[in-house]
Amino acid sequence: MVRLMRFLKPYWLIALLAPLFMLLEVWMDLLQPKLMASIVNDGIIGENLNHIVRTGGVMLLVALVGLIGGACCTICSTIASQHFGKDMRQELFRKIQSLSIQSVERVGTGSVITRLTGDIAQLQQVVLMTLRVFARNSFQIIGSVIMVYTISPRLSVILLIMIPMIAAVLVIVTRVSIPLFARIQASIDQVNTVMQENLSGIRVVKAFVRSGYEEKRFDGANGGLLRASLKSARVAALNMPIMSLILNFSIVAALWYGGVLSREGSLPVGDLAAFLTYVTQLLFSIMGLGNQLMLIARAKASADRINEMSDMQEPALEAVEAGLQQGGMQRSDARIERGRLEFRHVGFSYDGNMKNAVLRDIHFTAEPGETIGIVGINGAGKSTMASLIPRIYNVTEGSIHIDSHHIADIDPEELHSKVGMVLQQAMLFSGTIRDNIAYGKPDCTQAELEEAASAAHAHAFIMKLPDGYDTRVGQRGVNLSGGQKQRLSLARTLLLKPQIVILDDCTSAVDLNTDGRIRQSLRQIMGSSTCLIIGQRIASVAHADRILVMEHGRITAQGTHAELFERSNLYRQIALSQQEV
Ligand SMILES: Nc1ncnc2c1ncn2[C@@H]1O[C@H](COP(=O)(O)OP(=O)(O)OP(=O)(O)O)[C@@H](O)[C@H]1O
């Protein structure tokens with residue numbers, strides 16, 4: 001948790017002022033019982049009305065100064081903790097952007113969201129409470145001990161028994177609580193994951209009338225959270241009664257022993273009353289500190305989860321970096337000028353173990369200006385192969401080269417700006433149609449925007465929308481059809497005119513007629529770019545200069561449409577089955 005305190009560093013001054021203001025408030029609070037004792041001893045017992053009025057006025061003034069200290073502490077601690085949370089969220093979000101899809105998938109999006117929201121909120125709360133309540137309780141404990149000692153050193157012996165007992169209870173409860181809090185955070189992850197899956201798949205849930213099943217699934221995760229929370233609450237519940245018992249025991253002991261000292265004449269009645277007030281304050285402060293420790297224990301679980309994400313490294317990238325350093329190469333040196341793509345005996349497995357390979361010995365070259373079609377049955381490995389080019393995943397065996405550069409030598413920004421990929425699952429962001437198409441080139445001109453939209457055959461339908469390019473798109477493009485979303489996605493990539501463009505079955509929801517027209521305009525707009533077109537429909541790839549046929553993770557045939565129709569059984573079967581339809 002100490003590591004995360006770096007986020008507080010820029011706000012150290014304001015974070016320091018908060019406990020200082022709190023010190024002022026506590027100091028003022030500590031003066032009150034003393035002043036009260038003076039009223040009792042000199043005012044009431046000494047029958048001095050003037051003293052009562054004067055001391056009462058001082059008490060009011062002291063209360064006012066304390067109030068100002070408290071308010072300033074609240075303001076400073078809130079500013080420091082809010083900035084702390086904001087900066088941490090920002091850095092974690094930046095880290096998530098830099099992670100590979102594999103790493104994000106390993107953590108799970110539900111858990112990532114909980115870490116970005118709940119865990120950071122928990123830590124933010126701890127900072128706020130530490131600067132206010134923790135500081136208050138700590139000062140109050142020190143101040144009360146000093147005051148108690150100054151009133152009666154003999155009576156303060158009671159504290160020597162009481163404080164170690166409380167400390168022991170606190171240590172035990174906190175130790176037991178830490179693993180329970182980690183379990184609560186994991187249960188919140190579960191709840192968020194179910195909720196997120198349910199919301200993103202709401203149409204499927206409704207279409208299959210599975211609301212009941214989903215409720216049961218949510219109930220399971222929610223019940224898990226309840227059980228984890230109750231278990232931790234049971235431990236925390238023991239804390240209070242034990243503390244109260246120690247408090248009451250101490251007060252009775254102080255009354256008894258204080259009474260004895262008072263009868264002896266060595267302790268005035270007003271001082272005994274002040275002593276009891278300080279002891280009560282002291283005990284409540286220790287109890288407050290105990291609650292604070294519980295909060296810190298809970299936040300430790302959150303801090304561990306945030307640190308785990310911050311420390312995540314991409315093993316493959318690390319290896320590449322090391323290789324580059326040894327070879328004295330600079331990533332930024334490698335530039336993609338032409339877009340000549342070469343797969344050299346590439347093998348890939350999602351778990352890094354080639355026994356479970358989904359791609360084996362993929363070996364081919366695509367020249368600039370060439371269009372390569374890729375066909376194969378479901379699960380043949382087409383999308384996986386395409387995702388290796390922009391390094392969504394890193395190859396397990398072999399290598400991929402663009403313009404003779406190993407793709408690992410190319411700066412990721414350069415690689416992503418020169419390799420455009422359009423997926424079947426069109427992803428749109430909330431905002432306008434213009435924002436969505438210009439996503440990769442926000443400063444593009446209207447003419448460029450319209451050229452890309454026209455090539456994707458989206459311009460005509462955009463112009464029919466109420467606000468044209470300024471029409472707002474709902475979250476994930478809910479107010480557009482599947483084919484329209486795909487065409488906007490395609491336009492987004494075409495606008496960038498990348499050197500290599502990969503279309504992964506991205507016109508599957510577009511009607512055949514429009515699909516054909518898109519293919520015609522694609523070649524015009526992409527000029528000398530290398531195009532890889534993955535398609536379920538033979539019509540989508542038939543025009544390609546060369547077509548690769550994939551089966552079980554291997555390229556089993558390649559050639560033109562006519563050649564493959566002659567030579568490849570699989571290709572012919574797919575083509576014939578589509579002709580029959
Ligand atoms: N994220 C993943 N983790 C583990 N295995 C995966 C993952 N994605 C795909 N696979 C597996 O990899 C294999 C190839 O999948 P891929 O999506 O590349 O096939 P495809 O030819 O594009 O299929 P389709 O035509 O259905 O899109 C499949 O067996 C699939 O189960």
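We count ligands from 1, going down the list as the structure has it; atoms in each ligand are counted the same way.
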Fit a plane to each ring of Phe565 and His561, take the angle between them on a 0 to 90° scale, and name the class: parallel (under 30°), tilted (30 to 60°) or perpendicular (over 60°). tilted

Carboxylate-amine/guanidinium contact Asp189 Arg305, below 4.0 Å: yes

Using 4.0 Å as the upper bound for N to carboxylate O, is an ion pair formed by Asp311 and Arg3? yes

Not counting sequence neighbours, which residues clear ring pair (Phe, Tyr, Trp, His ring centres under 6.0 Å) with Phe343? List them please. Phe364

Salt-bridge criterion met for Lys382 and Asp504 (N-O under 4.0 Å): no

Distance filter under 4.0 Å, heavy atoms only, around ligand 1 gives Glu105, Tyr350, Val358, Ile377, Asn378, Gly379, Ala380, Gly381, Lys382, Ser383, Thr384, Tyr393, Gln536

Within the side chain of Asp219, is there an N or O that forms a donor-acceptor pair under 3.5 Å with the backbone of Lys216? no

